[in-house]
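Please read the structure below before turning to the comments.
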Amino acid sequence: MDKLIIEGGVRLKGEVTVSGAKNSALPILAATLLTDAPCEIKGVPNLRDTNSMFKILRALGKVVEFEKGKVSITAGKNTNYIAEYKLVSTMRASFCVLGPLLGKLKKAKVSLPGGCVIGVRPVDLHLKGMRALGADISIDSGYVIAKTKKLRGAYIYLGGVYGSSVLATDNVMMAAVLASGKTVIESAACEPEVVDLAEFLIKMGAKIKGHGTPTIEVEGVKHLQGATHTVISDRIEAGTLILASLITGGDVLIKNVQGKHLGALIDKLNEAGAHLLRTDGALRVKGRSQLKAVNITTLPYPGFPTDMQAQMMSLMTIADGISVITEKIYPDRFMHVAELNRMGAHIQREGPHAIVEGIKSLSGAPVMASDLRASASLVLAGLAAKGKTSISRIYHLERGYEFIQEKLTNLGAKVWREKE
Ligand code: EPZ
């Protein structure tokens, strides 16, 4: 396994272009299971997670070609309705093949995804939605077995104890598009990636409205055709790059950014005293003197994204004052706290809260990545720290950040790989 070495203290300068959104590409790729017709998805990032989804689609009978961000998907000779544990357990998002398989083939056998370090990751809302649409659902040896004679539209309340669910909304929406009659999903997730999926389904011939609001309506159709679609830019990568410029006191022009998807983050950064200049489709981010500490609470979109919590914590470790960070989506999503403290940060964990007392500067140290966004927070800390930081288990980082080492090097960062 490789580790990433960062010689910190360099102010990042220059231009960088954000890649397509991983969390949009994954459900859209799964949605191609709803038709035998060819589909073309552009702007797909080359990541561990997207390559995992290609493997799953191939195992389900699709022919998948991927080149320069474009995925061409056509039907293979035979279809399969079983998504194996060895594939699903490596990437939780593959669980969203359940809805399309059930919609198209009227049956599915999908491994339960299992948990990960950020939480138990239940799928009760996914299964509640499928049952509401008339599927017979059972659990056997770690697999969800789903079958139905016919899916019927239904009214489904999909709010969970932590609010709306992104992938459950995706899964239920994809099952509903071929159901007979009207489905209403109440307390649906409003994330831009859910909207992007709905737009793709509409291009395939689905009848959907209200996507992006808590109430999505789907009018079932008999058949879906193929479609071509370009996924939206990755708002979490954009947010991470914004913080990379701020934490190093840099001056970076970030291109292919949809500012409207970053409202909560930009609002918090303005409150902290950062100055972000919007130009068409780009954002100029100039790090200035020390930022003020601000309090963060993660919420479903359009609230502050949980996927930016770890990265924001890194920025707050060297802010002026005390920041209270409250994690309301995954209360255990604090694996990065111990690692940041190894770099000299002063962070105290109190249940779903982390209290961050800002210090002047971090010091480089050997640290370990535990999950995708925690690894991003350690990269940010390493860029800002005095001295050398080595981050082990960086395969976590490669799940969600396309060409991140090259992007940072092009901005002047001193970043390289070494064998563990
Ligand atoms: C999506 O995961 C994202 N992944 C996650 O990003 C992101 O953190 C999460 O949404 C929240 O924004 C993809 O889109 C591939 P949820 P998802 O269902 O859909 C609970 C990253 O870093 N819940 O919205 O799996 C759940 O435990 C990843 O890119 C239930 O209780 O998350 C959590 O507390 C990490 N029952 C809350 O809802 C369910 O059936 C929100 O989870 C499903 C979820």
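Whatever order the structure lists ligands and atoms in, that order sets their numbers, starting from 1.
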Sorted by chain and residue number, the residues having a heavy atom closer than 4.0 Å to an atom of ligand 1 are Lys22, Asn23, Arg92, Ala93, Ile118, Arg121, Pro122, Val123, Asp124, Leu125, His126, Tyr162, Ser164, Ser165, Val166, Leu167, Thr306, Asp307, Ile329, Tyr330, Arg333, Leu372, Arg373
In short, ring-ring contact (aromatic ring centres under 6.0 Å, His included) pairs touching residues 107-164 with sequence neighbours left out are Phe95-His126
Interatomic distance, CG@Leu378 vs NE2@His336, rounded to 0.5 Å, equals 8.5 Å
query: Is there a salt bridge (charged side-chain N to carboxylate O under 4.0 Å, His left out) between Glu193 and Arg235 once you walk through the steps?
result: CA-CA 10 Å; Glu193 294 77 24; Arg235 62 192 167 100; 2.7 Å; yes
By salt bridge (charged side-chain N to carboxylate O under 4.0 Å, His left out), Glu40 pairs with (sequence neighbours left out) Lys70
Would you indicate whether Lys286, at its atom NZ, is surrounded by more than 12 heavy atoms from other residues, nucleotides or ligands within a distance under 6.0 Å? no
For residues 95-109, the salt bridge (charged side-chain N to carboxylate O under 4.0 Å, His left out) pairs (sequence neighbours left out) are Asp36-Lys104
